[in-house]
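The block underneath contains the structure these notes are about, expressed in structure tokens.
Residue numbers begin at 1 in each chain, while the letters A, B, ... track the order of the sequences.
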Amino acid sequence: MLLYILRRLVLLVPVLLGLTLLLFIVARILPGDPVGLAAGPNATPELIEQMRRELGMGLPLPVQYWNYLTGLVSGDWGMSIFTRRPVFADIMEYLPATVELVFAALFIAVSIGIPLGLLTAVNRNGVLDYATRTAALGGIAMPRFFLGILLQMMFAAWLDILPLSGRFPLIESPPDHVTGLYTIDALIAGDWLAFRIALSHLALPAIAMALSPLATIMRMMRASTIEVLQQDYVMTERALGLSNRLILFKYVLKNAMTSTLTVIGLYVSWLLGGTVLVETVFDWPGLGLYATQAILTQDFMPVIGVTLVIAVIYLITMLAVDLLYGVFNPKVRHA
Amino acid sequence: MTLEIQNVTKIFPGPRRGFFDRGEGFTALENVSLSVQKGASFGLVGESGSGKTTLTRCILGLETLSAGSILFDGADIHKLTPLQMRRLRSRLQIVFQDPYASLDPRMTIHDIVAEPLVIHGDLVRLDARQRSERVLELLLQVGLTSAHLFRYPHEFSGGQRQRIGIARALAVRPEFLILDEPTSALDVSVQADVLNLLHRLQKELGLTYLFISHDLGVIRYICDDVAVIYRGRLIEQGPVANIFDNPQSDYTRMLLDAMPDPDPDRSPFRKAAAR
Amino acid sequence: MALLDIKNLNLAMTSYEGETHILHGIDLTIERGEIWGMVGETGSGKSLTGLSVSRLIPSPPGRYLAGSIEFRGKDLLRVTDKEMRVLRGRHIGMIFQDPTTNLNPAFRIGTQLVDVALHAGRADPSVLGLAAGASRGDLRRAAQRVAVEMLEKVGISKAATRINDYPHQFSGGMRQRVLIAMAMIGKPDLLIADEPTTALDVSVQAQILRLIHDLVEERNIGVLLITHNLGVVAQICSHVAVMYRGRILEAGPVGDVLKRPGHSYTRALLNAVPTAYTKRGELKGLNGLMPETAA
Amino acid sequence: MSRAEQTPPLVVPRRTQSARLENWSRAFYRFRQSWLSVIGLGIVVALIAAALLAPWIVPYPEHVVGGTNTAAKFQPPSASAWFGTNALGQDMFSLVLVGSRVSLFSGLAVVFIAVAVGTMVGAVAGYFGGWVDEVLMRLTDLLLTIPSLILAMAVAAALGTGVWNMIIAISITWWPAYARLVRGEVIVKKEEQFVVAAHALGASWMRILGRHILPNIVSPIVVKVSLDTGFAILTVASLGFVGIGVKPPTPEWGTLLSEARRYMPDYWWTAVAPGSAIFLAVLAFNLLGDGLRDVLDPRARR
């Protein structure tokens, strides 16, 4: 098992190499003049040339790539032209906020989507089934950023029960830094007030992000449960007198989880990418907001850095999904 | 001498373990030799996993051989040029086991049966009209009618589909038919009809059959010679009467004993059950 | 009182085309110690008869128009779901055709066996060798012990360790043995076996038939064996019912029906099976023999 | 040939279209069974008609080319301006109506390019296997690890504004999904007996792929196309929302929504109009795709 994980981790190295190469090529081939943009409209050609030299942009491409690679390993991920700070430091600052948001959304989606899917599959074609299925279609079609705006309008502006945007009020001090996730840190510190504040800020963006995956996971779970219910072994279990509850919650659930699991894994990538939208709406100081800024100013080092971090999180999630898959499906269990 | 299989061995590579490493291979066929005489019916008997499907795939050129050779009319089929291979395929056709899966669900019966005529258009040289006539002739030959011509496979019963599969195989007037468990998905009454049809076609068209089955009764009924294959190895072969009445190997004897006979008096349990 | 007494069973099923009458008055009586073979070709309704006895045909689409299925004097079509559930597993065991799809792939075979044993044990602790009112812990321990014993009984060696294996670690024949163990673990009085050997090789088929035969002998239970294979019927069954389009054409002791068939359909079926002494060209299909019965 | 000479001349019946027709009518019947799919189809048709006719039916053509009317700014929805007016006094209905042109066109274009490229790559990789498959699939895997929205944003930003640049940027991130889908389906179908049968008949790879495999995998592709067209429209709007995409005077749903954010919550109609338009378009294509899935994909038919 451990050996398998190790081997999978080693196999990530060529993937990451390919990824950096791809990103590097894309960033260099694409037209655009980030330095000129950063230097401002009044910069002299000499100044721009000097900046280019400082950023190592005059060197041959393979050399630039090699420098970039060695830099990556030693924690030097280049400079952001826009923030004028090292990309690595920026990313480390913004990462926890994004992780907190994404996993909160994923938690909401999974913890509601799976039971709902199971329930509707059993009461197929009932009132609840039709209602949730129709709602799910709407949920999938709802743009995250529009939902965010609607939620802000509803809960922040009109009802005034949740904050409009941001992650933590500036005048309050966030809980001591342990994980960087404010809700978790507040719990660790036992600071209930901070936890409530953090949670109230987290709620709307997390819900805005969660609705579509929730609907998809529910639909997937419903479909796979229905499929499992039609399997021969369910007939056998029924024929030998096992109770419906035991069949559903023990024997069917585990089998139905396998196909749903893959969808959940894929949604991690979707959620991470979607942060550029939701963080923009809610002024959530995470990687998405950072990446959006960088993209708009054609500041490519941060874009590559963020993309790389997201890709790594995604790859690790997929590894976790594969391992979990083995739990649900002993046939693919890894020796 | 039509089909000659000489010392054929097929080893499937094991699963990959990392970049260079591979798991242990699986030997599907080991040193198999047999020869099918022109105009004869040769039966190949084996249970699941015996390698009989792999052997058909090898004869069709869908698998490469690990060792040995397969000769059709003296020519090594794995050393043919693509054109020669196509010529060979017009002379050697196959009928598959599952009549539900072997017909393209999106084609009409006419198009399915006409397909070999189109593929081998350079050989048969028929215009569209002649092709349709040939298709109809084939359908009548296997016991279907012109009303079936432009229907889709899902509208037919298993036995009818198998007849369509036979008509398709016969379209380019082959000399040799591989019959891969052609009746094992059918009910016994339908099986009887299809077996009789195959028997009649062989007499009328002078075909050579390689008949693959797990059912000893069927093999005995239709074949002149038989080979018994077990775990990739030929256990014994010879004329049907010899093998069935006087089996030499324990495995063949066991297969014969295990074959359920519809005569209750021959049951091994009879005494105990008929109290 | 017969073990199983099916009287005038009429079943209709609803599909796209509307409601179709599938079973037309099935009558069948099974006593303990009898192995009834039910033969018929695809679509004859033999499987639906078997499923009806376990009341596993959902309604809709199924609907019983008339008739009764009396099991030890009780009409199964009229008992509550809860009573039926107790009967299943404890009094009526079932085996299906395909051993690869009838075991749950995600659970150890032990888990599946123990759950069935527990179900039967809760209904009747004596199945697990316990007195009434046994504690949950006792039941569970006994169920585990009985599961191992049952696996040994169906011929799985090293049952105590193999009980922790998953279905995919067994061959097809072994899986069918496991399924037989599951069906028999509740010590049922009636076993319904729906094509139990069709998916197996002939050599394995012979072993499985022997196993079913021996278990039936030992426990003196009644069996309804559904198959399309006359050879299997001739080998193992004491009685046979020949089905065609939802009707039983002929029924009786195997020796009578198969040796001296009274119905032309039975004769035709027998003529369609190639045996060691059939000459080429002698096989007869059913072409034109049976009139198209109005469905 | 001896047999043919003995038999009387064969009369080949005319090829009837009835069987095919019957299949279509049965499929349409199944589609109609679900009123949600019919609604989806209806909205899709209406949207496409609105987009095509927009230049002729737009109530305030001057507003969509940059004209303003500050005297009438922030009017709530009324009979003269159905969706109200924005900060520049422009009629929101006109803007949203004309905005549908960019959204629908780019959405359809993205899916078309992605299907074309993805099917080609996937079919070749799946059919030939071996190193061709390895190389192509490693490339698609790499692209799939990158969050598509961020990649599309970065490429679009670098290429500069413009509808085509945006379409190209999104297409780059979309074809791998199709390549994956098609490859998987081709590999499954390649082992189906009717394909092996065609192979044994001596059919060439072009014939096998074109006549037997691809026609049999059209259904999942069609279903995905319909679902994806909605999501492509959504992605176009997303790019517009973060400020990448079409140049300002041309109205576009995402850009409209992004501008409206500044005037929330008092002038909510400026946001609700384009937001609902996006929602409705995505929903309609999803409903249609769902209906098509019920008709075309036998596995999901229940």
Side-chain angles (χ1 to χ4, degrees), chain A residues 1 4 114 117-118 121-126 129 220-221 223-262 264 321-335, chain C residues 50-51 53-58 81-109 111-123 164-169 175 178-179 181-186 188 191-192 194 199:
Chain A
M1 186 66 175
Y4 174 79
I114 287 188
L118 206 61
V122 178
N123 305 313
R124 189 144 48 111
N125 297 333
D129 187 27
M220 190 72 209
M221 193 65 194
S224 52
T225 305
I226 288 172
E227 199 177 316
V228 173
L229 282 172
Q230 289 165 345
Q231 296 297 310
D232 286 348
Y233 52 78
V234 176
M235 177 70 105
T236 299
E237 283 152 10
R238 221 168 251 154
L240 295 179
L242 301 189
S243 70
N244 285 335
R245 218 182 38 216
L246 185 73
I247 293 175
L248 185 67
F249 289 109
K250 183 171 177 178
Y251 288 108
V252 171
L253 177 64
K254 197 172 168 186
N255 282 286
M257 278 300 291
T258 38
S259 33
T260 312
L261 200 62
T262 317
I264 296 174
V321 164
D322 276 2
L323 293 174
L324 266 177
Y325 202 82
V327 172
F328 292 113
N329 184 358
K331 237 185 260 185
V332 298
R333 195 163 293 175
H334 315 287
Chain C
L51 289 173
V53 175
S54 282
R55 220 172 76 187
L56 285 170
I57 297 173
D81 282 352
K82 203 170 166 214
E83 280 176 280
M84 193 65 227
R85 207 165 69 64
V86 173
L87 287 172
R88 292 182 198 142
R90 168 62 190 93
H91 294 285
I92 303 174
M94 252 191 126
I95 314 168
F96 295 96
Q97 175 174 348
D98 190 349
T100 51
T101 58
N102 276 295
L103 280 168
N104 193 321
F107 290 85
R108 300 173 200 281
I109 60 155
T111 314
Q112 305 182 45
L113 272 167
V114 167
D115 273 341
V116 177
L118 270 177
H119 161 68
R122 272 195 289 265
N164 291 319
D165 283 349
Y166 287 93
H168 70 268
Q169 291 164 295
R175 274 181 236 184
V178 173
L179 281 160
M182 270 170 75
M184 297 293 287
I185 204 166
L191 178 70
I192 300 166
D194 190 352

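- At a 4.5 Å heavy-atom cutoff, C/Ile95 makes no contact with chain A through either its backbone or its side chain.
- Interface check for chain C: of the options A/Leu246, A/Thr258, A/Asn255, A/Val228, the most heavy-atom pairs under 4.5 Å are formed by A/Asn255.
- Looking at residues two or more places apart in sequence or on another chain, you find a salt bridge (Lys or Arg N to Asp or Glu O under 4.0 Å) between C/Asp165 and C/Arg162.
- Counting heavy atoms from C-beta outward, C/Leu191 and C/Met184 have side chains that approach closer than 4.5 Å.
- Under the rule for a side-chain contact (heavy atoms from CB on, under 4.5 Å), the partners of A/Arg238 that lie at least two apart in sequence or sit in another chain are A/Leu229, A/Val234, A/Asn244, A/Ile247, C/Leu56, C/Arg88.
- Contacts with chain A were tallied for C/Ile185, C/Thr101, C/Asn104; C/Asn104 has the most, counting heavy-atom pairs under 4.5 Å.
- Put simply, the side chain of C/Gln112 gets close to the backbone of C/Phe107: a donor and an acceptor are under 3.5 Å apart.
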